[in-house]
Amino acid sequence: MADTTGNITDTGTPDAADAAPRKSSWRYIGPGIVVAATGVGAGDLVATLIAGSNFGYTLLWAAVLGCLVKISLAEAWGRWHLSTGRTLFEGWASLGRWTTWFFAVYVVVWGFVYGAAAMSSSALPLQALFPDVMDLKWWGVACGVVGLVFVWFNKYAVFEKVMTVLVGIMFVVTVYLAIRVTPNLADAFAGLLPVLPDEKDSVLNTLGLIGGVGGTITLAAYGYWVNAKGWTDTGWMKVMRLDNRVAYITTGVFVVAMLFVGAELLHSANIAIAGGDKGLVQLGDILEEEYGTATAKFFLIGFFATSFTSLIGVWHGVSLMFADFVARLRAGTAATGEKVASGERERSWPFRLYLLWLTFPPIVLLFQGQPFRLVIIYGVLGAAFMPFLALTLVWLLNSARTPAEWRNGWLSNGMLGIAGLLFLVLCVKQVWDQPWSEFF
C-alpha cells in the first residue's frame, strides 16, 4: 500500500513461483513497436531532416545517443511496473501530492493542444494525396474521429496489430528513401564521432536533437502497454528489455534514415525546408521533382502512417494513463498492473472521457487557431515533463519502493542522470525563450 509520505510498505512483488522467467523471444514483441510508432511523430522526423540539411552527417551520433537515452527511460518505467506490480501513479503518489497536481494540470492542457496538433499532422499528407476532396481542417476532424472510434471499440491486442502494420509501412518508406538518396557511408560513419558543428547555438541544437528523438509522455505510457500486453511480474523482465531495445532500434532506423535524406537531398543542394509538419509536405514536393510522382506519393503514405500512429498511440496510451490516474485518485488504493492487464481500464469511463477530450474540444483549435497564452503554458508544461519523468525515475528506482534486486545499477543511474540533466537544460531554454512580455 502507498502513502504520500514517501514509502510503499508492500511492494506487491510477485512470489517467485508466479514470476518464473520467460525466455526472451521475438514472438512476444509488441509494446516496443507501439511506443516506437507513437513516439516518432512527424515533428521528430522533420527535426532530424533539418539537422541533416543543416549539418550533413555531423550530428548522426546525437541521433543515436538520443535513442540510447530513451531506451534507458522506457526500460526504467517497464522495470518499475514489473518489479513492483504497481503502476506509474502508485510510484508518483508515494513521492507526494505535488506529483498528482503536476500531472493533472499537464494532462488536461497538453491533451487539449496536442489533440489539435495530431489531427492536423495526420490531415496534411491526406490533403496532399487527395487535394480536391475536402479542406485540411475537415481532414483533421475525420482523422480524430476515426482514431476515437478505433480506440473506443478495440482493446490492446487489436490496437497493437494495427500499429505493427503501420510501423511496417513507416519502416519500408524511410529505409527506401534512405537508399534512394544514395548515402555517403564513409561520411555517415564519420558522423558517429561526437563532434559539434561549427555553428552558432550548436550545443543547444545538438541537445535538442538528442532530447527530441522518439517520444515524451509516450515513454511513461510504455509501462502501461507492457501491462496491457499481459506482462505483470518480473518473469517478463528479459522479454520487456528485448522489446524495449527493438523499440529504439526501430526509432533509430527512422531518424537515421531521415538524417540521410536531409544530408544527401537537402544539404548537398543547399535546400531549406520549413519546421513543423509542413516541412514533410515540402519534402514530398522535392521528392516529386527529383524522383517522380510515385516516390512522392509513397513518401506521403509513410508520412500519414507516421502521423496517424502517433495519434492513435496517444489516444490509447495517454487515455490508459488517465484512467489509471482517476481510478487511484478516487479509490485511494494501490494502482496495480493486474488491473491494466485485465482490460478494466480500457472499458472505464475515465478512459473514454479522456478520449473525447483529445478529440472534440481540440477541433475548436483547428478552426480558430491556438490561443497565444495557452500555447505558452503548453510549451512550459511540455518542457517540464521530461525532467519530471527522468528525475522521479531516479528517485523511485534507488529507494526502498523498488525491490533491491531491481533497483538501478551504475549504468542505469548514469543514463537516467544524463537524461535528467539534458531535459533540465532544454526545459530552462524553452521556458526562457517563451515571449513572457507578451503573455501579461
Worksheet item: Do T206 and W61 pass the side chain to side chain contact (heavy atoms under 4.5 Å, CB included) test, and can you show the C-alpha distance, the side-chain angles, and the key distance before you say yes or no?
Response: CA-CA 10 Å; T206 303; W61 66 271; 3.7 Å; yes
Worksheet item: With a 4.5 Å heavy-atom cut-off, do P125 and I301 have their side chains touching?
Response: no
Worksheet item: Within the side chain of R79, is there an N or O that forms a donor-acceptor pair under 3.5 Å with the backbone of W406?
Response: yes
Item to complete: Look at the side chain of Y176 and the backbone N and O of F298, then say whether any donor-acceptor pair between them is shorter than 3.5 Å.
Response: no
Practice prompt. Let me see the working for V318 and W110 under side chain to side chain contact (heavy atoms under 4.5 Å, CB included), right down to the final yes or no.
Written response: CA-CA 11 Å; V318 184; W110 181 88; 4.1 Å; yes
Item to complete: Would you confirm whether S399, through its side chain, and L396, through its main-chain N or O, come within 3.5 Å as a donor-acceptor pair?
Response: yes
Practice prompt. Give a yes or no answer on whether the side chain of N244 reaches the backbone of I71 with a donor-acceptor pair at less than 3.5 Å.
Written response: yes
Discussion item. Does atom NZ (K155) have a neighbourhood of more than 12 heavy atoms from anything else shown, all under 6.0 Å?
Written reply: yes
Discussion item. Between F360 and I363, is the side chain to side chain contact (heavy atoms under 4.5 Å, CB included) condition met? List the steps.
Written reply: CA-CA 5 Å; F360 292 110; I363 288 174; 3.9 Å; yes
Worksheet item: Is there a donor-acceptor contact under 3.5 Å from the side chain of T359 to the main chain of L356?
Response: no
Worksheet item: Is there side-chain contact between F159 and W225, with heavy atoms separated by less than 4.5 Å?
Response: yes
Discussion item. Please tell me whether W236 and Y28 form a close aromatic pair, meaning their ring centres lie under 6.0 Å apart.
Written reply: yes
Worksheet item: In terms of side-chain heavy atoms, does Y57 have a donor or acceptor partner in N184 at a distance below 3.5 Å?
Response: no
Worksheet item: Are the side chain of T402 and the backbone of N398 linked by a donor-acceptor contact shorter than 3.5 Å?
Response: no
Practice prompt. Assess the side chains of W231 and H81: does a donor N or O sit below 3.5 Å from an acceptor N or O?
Written response: no
Discussion item. Do F351 and V151 have side chains that approach each other closer than 4.5 Å (heavy atoms only, starting at C-beta)?
Written reply: yes
Worksheet entry | Pair L266-V261, side chain to side chain contact (heavy atoms under 4.5 Å, CB included): steps then yes or no | CA-CA 7 Å; L266 305 180; V261 173; 5.7 Å; no
Worksheet item: Within the distance-only criterion (no hydrogens, no angle test), does the side chain of S121 pair as donor or acceptor with the backbone N or O of A117 below 3.5 angstrom?
Response: no
Item to complete: Look only at the side chain of W77 and the backbone of A221, and say whether a donor-acceptor pair between them is shorter than 3.5 Å.
Response: no
Discussion item. Within the structure provided, determine whether C143 and F304 are in side-chain contact (heavy-atom separation under 4.5 Å).
Written reply: yes
Worksheet item: Looking only at heavy atoms, which two atoms of P362 and G111 are closest? And how far apart?
Response: CG-O, 4.1 Å
Worksheet entry | Positive for side chain to side chain contact (heavy atoms under 4.5 Å, CB included) with Y222, one of V35, V34, L88 | V35
Worksheet item: Do N227 side-chain atoms and Y224 backbone N/O form a donor-acceptor pair below 3.5 Å?
Response: no
Discussion item. Keeping S319 on the side-chain end and H316 on the backbone end, is there a donor-acceptor pair under 3.5 Å?
Written reply: no
Item to complete: Check whether any side-chain heavy atom of F388 sits under 4.5 Å from a side-chain heavy atom of T99, and report yes or no.
Response: yes
Fill in: Sub-4.5 Å side-chain heavy-atom contact between K70 and T218
no
Discussion item. With heavy-atom distances below 4.5 Å as the criterion, would you say the side chains of F325 and T100 are in contact?
Written reply: yes
Item to complete: For atom CZ of F150, decide whether the heavy atoms of other residues, nucleotides or ligands shown that lie under 6.0 angstrom number more than 12.
Response: yes
